[in-house]
Every structure is written in structure tokens, then in C-alpha cells.
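The analysis underlying the following values was restricted to heavy atoms, covering all of them including side chains, and did not include hydrogens, waters or symmetry mates. Order of the sequence lines sets the chain letters (A, B, ...), proteins ahead of strands, with each chain counted from 1.
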4 protein chains.
Amino acid sequence: MSAPPETAATAGRPRSREAHRAIIDATLELLSEVGFSALTVESVAARAGVGKATIYRRWASKLLLVVDAFGELPALEDVDTGSLQGDLETMLGRYIENFNTTPLATVLPSLAGERASSSELDVFDQVLSRRREPLRAAFQRAVARGEVAADLDIALAGDLVVGPIAVRLYFTGARIHPDIVVPMVEMALRGILASPKAASES
Amino acid sequence: MSAPPETAATAGRPRSREAHRAIIDATLELLSEVGFSALTVESVAARAGVGKATIYRRWASKLLLVVDAFGELPALEDVDTGSLQGDLETMLGRYIENFNTTPLATVLPSLAGERASSSELDVFDQVLSRRREPLRAAFQRAVARGEVAADLDIALAGDLVVGPIAVRLYFTGARIHPDIVVPMVEMALRGILASPKAASES
Amino acid sequence: MSAPPETAATAGRPRSREAHRAIIDATLELLSEVGFSALTVESVAARAGVGKATIYRRWASKLLLVVDAFGELPALEDVDTGSLQGDLETMLGRYIENFNTTPLATVLPSLAGERASSSELDVFDQVLSRRREPLRAAFQRAVARGEVAADLDIALAGDLVVGPIAVRLYFTGARIHPDIVVPMVEMALRGILASPKAASES
Amino acid sequence: MSAPPETAATAGRPRSREAHRAIIDATLELLSEVGFSALTVESVAARAGVGKATIYRRWASKLLLVVDAFGELPALEDVDTGSLQGDLETMLGRYIENFNTTPLATVLPSLAGERASSSELDVFDQVLSRRREPLRAAFQRAVARGEVAADLDIALAGDLVVGPIAVRLYFTGARIHPDIVVPMVEMALRGILASPKAASES
DNA sequence: TCGTAAGCGAGACGGTACGTCGAGTCTTGCT
DNA sequence: AGCAAGACTCGACGTACCGTCTCGCTTACGA
């Protein structure tokens, strides 16, 4: 992250926190309004009441600015309901709400798409994996509770749960309806819970 | 699609099929070489040995050109092995190979990302749903065989199967290893096959 | 213009002459309306109801077309009043009228200007010298009458008479007022008539 | 003229004087080499080592740029020899030399021709009249000396002297030979000096 | 307390690509 | 073979952004 460094000992005028905030805010506003590919650094500067150099002093490129702004958008939020199904339904239900209340639904695909053809977006990977951390945590709790097999491929299980949302988000112009969460989690969870051994026993 | 229209009787010199092909081919080549966001219409024109106007006469924007070129990249390929699991493993296995042999792995996320913040990509939706049609067909065969419940939500089932691939494609820089297909299909399929009714019966 | 030709003749060039006229007329109209530098061959073709190829079959370039069209604009008109002064005043007076009734005032400078930086306008020279021929003729009559010195540099004399008009036409946006002709001719003529010998005798 | 304004206190980075000079110089060079109508803004930018936007920031069009560059080409140069004839012969003689040493011979007709069909060239008029100022001054000195009639139409007299040069410059591809100056001035001057009154006296 | 080093808004800079337009050529089918 | 229509290549247009670079100013720290 490029938050104003705490490191001291720098001479000269310190970087303005207000400018930093104004830039991030303007970026998020504009992402909502015009989308990612129509976003220009010049418009961000104008909206934030800031010179372009002030932006480039903090971020090396427009992309990295947007990645940082994206980092302020709501991610999966950890919830411990006591059961895996409860955790997943709550977490994903809340997360989906963000698609309608923040530019997340456009920014996330845009950045992911850009990452595919850009090499400078290693940063993006870290942001993404951090954002999915609560999901991993929920699975680990389930393992600890003995709710799922100990040798469960947690990464794959996570992808299975999140997959349908990703597919609809990327491949569909339509909004994702919140009601889909329950059947979606249910179906994915059956696949996850029914370990091969259990399946053969039944 | 902007394939030369079947409508006849147009006055004037007809549009050149060679130019059309050369443009699409150049686009695909350049997508492989430099990726989507570094692709320029000018470079396509130069590579195809074509004037820019000839491109813009056919496609209103770089984006629509790329969508059309994308339409020529390999999609899911229908295979009927007799079992749902066989179908899915074969289809997805083959499809994943394309990520390493075509620009698909960069173009698909790029276009999906662009669609999120662009309104002119309605076309893209049609292309995408056509490309997924074989998946739907495989599920319908399974329904006909009684292999899965008749009231299965086929769209959701499809998303569940494809989801993990999408997640890894979009959110990871890493290549998708072909070996993941078998466990991936297995896990998804367990969720799909274990219908609520069957589960309560057992 | 697309009405079926009345000519009974079969193949060949049934509309050839009409097309030629239509092209020249359209060119002159458009020169009046939009001026030389905004004139496009495409607009001429459209106005004339003619294909571009039909124009290029006759003229090698837009410039040569305009030169030809220019050739149809009124030139100096030979008049024999019996005296040099009478000839010049009449001829120039009439000529100046054309500046207000034809696109001459814009086309002539435009072509002259183009000639300066274009090598293909040799043709233009011939057209120009033909257009000035009546002036030369008037001077030769004056020589024959003994009205001017036999060794008069007729070319220079012509330039002197026409010069002020040229200067005003080229260097001034203002229209040339017809009343200027009389004093202009008078002043030039005094320079021409007062031969060095006559001057020394007086 | 677009010389850097004297107005102070403008925010932001000031416009580069070097860029300005480089653009004008490149324009003049290219005018010499390829002529007016083959001059492109892109080539000027390339030659000057400047972005196109830097040119368009200063001049609204190629035409206005060339007008400004033209303003730096040598004009009539005021000379006071004591006699009108001496002044004119010297001034015009020197001026004609410029036709062979600068792009003047092509730029002047080109601009004049363009002015005829373009409304944005009001600027050009001012440049032209400033350039002819020395001629007017010479005539006024002659009036003061009593060398010519006090009521002489100076504008007309100027046009008469300059006229033959203009005619040959515009209507002839041939170079203007310096030797023509003496007879040309002589003939024009006789017309100017021989006032109507003097003529009637003789 | 004051110099100085860096940050600040503004906006010009060199580039690069955009999407448009026109010149002059070529290719249809019709006459 | 000429014609109207219109697509073709080429190349310039004028615009818009990118990321960098001055300008003339604050603004805080350290001497």
C-alpha cells in the first residue's frame, strides 16, 4: 500500500493527507460514474482539486492508483456463525450487496481484466488474496470443527463457492440477485461436504 | 458478429473478404503478442496490410473488433461420452488447453473486464452464451438420461462447474494446471448430483 | 441525374458529354460556395451525380480539374475602341465585374498560389497566357497605330497595367471597386506612353 | 502574431520559447524544401522535435502557423537614398533577391491564394500591410521633397510599382530576374511623376 | 527565526493513439 | 467500354491522455 509512510527523517514539506484522501475519493467517485476505462488521471486530478504531479508522486501509474482505490472498497467480511453454511451465506450475502452500492461490480472485473494483459499488476494479486482471506478462515474453522474433511482442498473449495458469483459478475451484464446465494451455497457445499469416502458409505 | 452480410444487391464495390480475414488474423496475432490493452488499431491495420478506414468501416471501435476476433477463438467443444462426468472432464480439459495455445487467457478476462464498464458490449453477451452452449447441452443430456434431477437449475450447475476455472483465470496470474480438472469436476458434480431429495432419502 | 438517358445510342459513352458538363458545372458551383481549399472531388462527384472514377478518367488530379473549370471562367475580352486607353479601360472594367459575379476572385488566387508550390501546373501557365492574349493584342494595335513606341516592352507594359489589380486581388480581402480602373489605367498609361526619348524632347 | 504575450502572472508552466522558435524554424525549413501545400503539421512537429499538441496550443491551424512563420521572412527594407527612384530601385532590388534565397516566392503566393478562400486569414492582411510600409514611407518622403505631386494616390502608386513583380510572381513559374527592376521602376515612375497637370502643360 | 528542501496547483511538454476525412485507385454489376 | 456506387490504401488531420517537467507558491523541519 502507498499510504503516507510513517517513516520520519524526511526533510521538506510532508505529503498532504488531505490530498491523498481527495484523490482516492475522487477516483472512487469517478469509477462509479464513468467506469474504469473512461477514467482519466486528469479528471481525477480535477475532481480532487489536485495537480497531476501530486498523483504521480504517490502512484506510478493510473492502474496502481485504481488498485489502491479498489483496496478501499468493501471485501469479504469475516463472520463466525458457528456453521460453515451460516458463515458462507452471511459473508457472500453481504458481499453481493456491495455490487449494488459501490463501483465494485465494474472495478473488480476491470482490474482483473487488466491484470490479464499487464505485468505491473502483481500488487493486485496480494490485494485479492487478502480480500479472500475471510473465506479461507471460515473453511479452516470448519476443518477445526470436524465439519469438513481434514484433507479438504481449501483453495478449490473456496473457488467452488465463489465461482458462480464470479461467473455471473464477469460474464453477465445483469445484476446478481441476492436470493441466489442460498441455493448457490447449498449446491457448492454439498459438493464440499460429501467427501468421496462419505459418498461411498452412504 | 460482423461477418459479411448475406444481403445481396448492394451497389458499389463489395467489401473485401480477404481484408476481413487479414484484419481478424492480425488482431488475433497481436492479441497473443502484446495483449489486449497494448493492442492498437493502427498496429492491426499495419499487420493486416490494410487502411485504418477499412477497419472502422466494419467495426465501430477497437473493442467490437476484438469481440469479433474473440468469437473465432476456440470455445467449449461439445462431447458426448455417455456420462455427465465424462462429458465435463473432456470438455473442460480440452478447453483449458486453449489457455496455453491461444490468447484466450488474456482476451477473455480483458473483454469481460471491459464489458463491466462499457455499454457497447451487449454483443459480447451473445458470444459468451453461445460459447457455453455445449455445457448446457451436456446437462440436458444428463437430465434426459435421468442422471441428474429433472428440476436441476442448469444455469447454476454450469456456473458451479465453470466457476473455479473462472476464478483462477481472473484472479490469478498463474496458469491453470490441467490436472485440476478431475478433482474440480468431481467436487462440483457431487454438489450437483446430490439433490436435496436424494440426500434426505439416503 | 440518374434519369434514363434519352439518347438512342447503345453502348459506348451515352452520358459522356453530359457527365463532363455536369462535372465542370458542379466544380464551378462548389468553388463559388465553399472556395478552393474546401473543394473535394467527392463533393464534385456527388453534386454532378457522377462517380469519382468518371472524374479521374478525364482529369489526373483535382488541381487539373479546377484548372479546366477555371478555363471556363470569363477572361479578358478583346475590345477595339480605336485608342489604347479606350481598349484598356473597357477591357479591365469588364474584367473586374467578373470578380463580383463569378468565383474568379477566389479561384484565380488559389490556383496561382497552388502553382507556386506545385510542379504539375504547367498547364496553368498556358491558360493564363491565353487569357491575357487580348491585352497583348491591344498593345500591338497601339504599336501599329504608332500610338506607342515600337520598341515598347509589351510584356512589361501589360504587367504594369494589370499589376495594381493583381496586387489588390491577392493582397486584399476587399473587393476591387470599378471606379479605380480609370485612374489606374491613366497612371500606368502615362508611364507607358512617355517614352524616354519623348521625355528628353519635352 | 503569436509572440509570447507580455501578460504576466499566469499559473502553470510557461510556454517554452525554445519550442516556439524550433517550430517556426522547422516551418520555414520545410516550406523551403517541400513547399506550402505539401507541408504537414506532423512533419513540422517531427522536425522541431515537438509534440503536435504543442503546435496546436499556439496556432489554431497550419495556416496560421505559416502566416506567423511568413512574418519572419524578409520584407521590404526601408532605404533612404535621397531620391524616389533610388529608393525604389534599391528596395525592390534587394527584395527580389529574397525570392531566390528564402521560400518567399512560394509562401507568399500560397498564403495569398489561401486567403482568397479562407476567412481566418484576417491576420494575414495586417502582416502584409506592415511589410509594405517601407514603400509607403518612401513615397511620403518623395512628397515631402516635392518630388511628386502632393495629392498623389500613394496606395495606387505603390501598387503600380509593385504590380509587375506581383504579376510575375503569381502568374509565372519563372524566376524574376533582378535586371528587370530598373526598367520596371523607370516605367512605373514615369507614370507616377508625370502628374496630369504637368502632362497638360507639356 | 529563518533557510531550505520538498510538496503543492497549474498547466505546458514529448509522445502515441484515437477516430475522421480526403486523394486517387480499384472492383462490382448495369447499360 | 463507360457508368454510378462505393470499398480500397495511404496519410494527414485535430483531439485526448499519458506520464514528465517546470513555474511560483506554501509548509514544516532543523540549524
Side-chain angles (χ1 to χ4, degrees), chain A residues 8-16 18-19 38-43 45-46 48-63, chain B residues 8-16 18-19 38-43 45-46 48-58 60-62, chain C residues 1-2 4-5 7 9-16 18-19 38-43 45-46 48-63, chain D residues 8-16 18-19 38-43 45-46 48-58 60-62:
Chain A
T10 44
R13 177 178 177 175
R15 294 192 181 164
S16 158
E18 290 83 23
L39 182 88
T40 68
V41 174
E42 249 144 23
S43 66
V50 141
K52 278 207 294 177
T54 301
I55 295 180
Y56 281 105
R57 205 172 288 120
R58 292 167 163 79
W59 295 277
S61 72
K62 161 182 153 178
L63 221 50
Chain B
T10 47
R13 177 176 177 177
R15 295 196 178 162
S16 159
E18 291 80 25
L39 182 86
T40 69
V41 174
E42 248 147 21
S43 65
V50 141
K52 273 203 295 177
T54 299
I55 296 180
Y56 283 107
R57 205 175 287 122
R58 290 169 163 77
S61 71
K62 160 182 154 180
Chain C
M1 295 305 285
S2 60
T7 56
T10 55
R13 47 172 82 174
R15 292 195 56 187
S16 173
E18 291 143 31
L39 182 86
T40 69
V41 175
E42 248 145 24
S43 66
V50 140
K52 278 206 295 178
T54 301
I55 295 180
Y56 282 105
R57 206 173 287 121
R58 289 166 164 79
W59 294 277
S61 72
K62 161 183 154 178
L63 222 50
Chain D
T10 48
R13 179 176 175 176
R15 295 197 178 160
S16 159
E18 291 82 23
L39 182 85
T40 68
V41 175
E42 247 149 21
S43 66
V50 141
K52 275 203 293 178
T54 300
I55 297 180
Y56 283 108
R57 205 173 286 122
R58 292 169 162 77
S61 70
K62 160 183 153 180

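Distances shown here put a side-chain N or O of D:Tyr56 below 4.0 Å from the OP1 or OP2 atom of F:dG14.
Here the closest heavy-atom approach between residue C:Ala45 and residue C:Gly51 is recorded as CB-C, 4.3 Å. Pairing each heavy atom of B:Arg58 with each of B:Ser16, the nearest pair is NH2-O, 2.9 Å. The shortest non-hydrogen separation linking B:Ile55 to B:Val50 is CG1-CG1, 4.0 Å.
Mapping C:Ser43 and B:Ala38 onto DNA chain E via the closest heavy atom, the residue that lands nearer the 5' end is B:Ala38. Both D:Ser16 and C:Glu42 sit near DNA chain E, but only D:Ser16 has its closest nucleotide nearer the 5' end. Comparing D:Thr40 and A:Val41, the nucleotide of DNA chain F nearest to each residue sits closer to the 5' end for D:Thr40. Positionally, the nearest nucleotide of DNA chain F for B:Ala48 lies more toward the 5' end than for the other of D:Leu39 and B:Ala48.
Contacts of A:Ala53 with the nucleic acid, taken as non-hydrogen atoms under 4.0 Å apart, include base atoms. Residue-level contact check: D:Ser61 touches neither bases nor backbone, having no heavy atom under 4.0 Å from any strand. Within the 4.0 angstrom heavy-atom criterion, no nucleotide atom of any strand lies near D:Ile55. Base engagement by B:Thr54 is indicated by at least one non-hydrogen atom pair under 4.0 Å involving a base atom.
As rounded to whole Å, 5 Å separates atom C1' of E:dG7 from atom CZ of A:Arg13. Between A:Arg57 atom CZ and F:dC21 atom P there is a gap of 12 Å when expressed in whole angstrom units. Rounded to whole Å, the distance from NZ on A:Lys62 to C1' on E:dA17 is 13 Å. If you take CZ of A:Arg58 and C1' of E:dA6, they are 12 Å apart, rounded to a whole angstrom. Taking atom CD of C:Glu18 as the reference point, atom P of F:dG2 lies 16 Å away to the nearest angstrom.
Distance alone, capped at 3.5 Å, is enough to place a donor-acceptor pair between the D:Lys62 side chain and the D:Leu39 backbone.
Side-chain to base pairing of D:Lys52 with E:dG15: no donor and acceptor N or O lie closer than 3.5 Å to each other.
Note that OG of D:Ser61 and OH of D:Tyr56 are 8.0 Å apart. Values are rounded to the nearest 0.5 Å.
Closest to the side chain of A:Arg15, out of E:dC8, E:dT25, F:dC17, is E:dC8.
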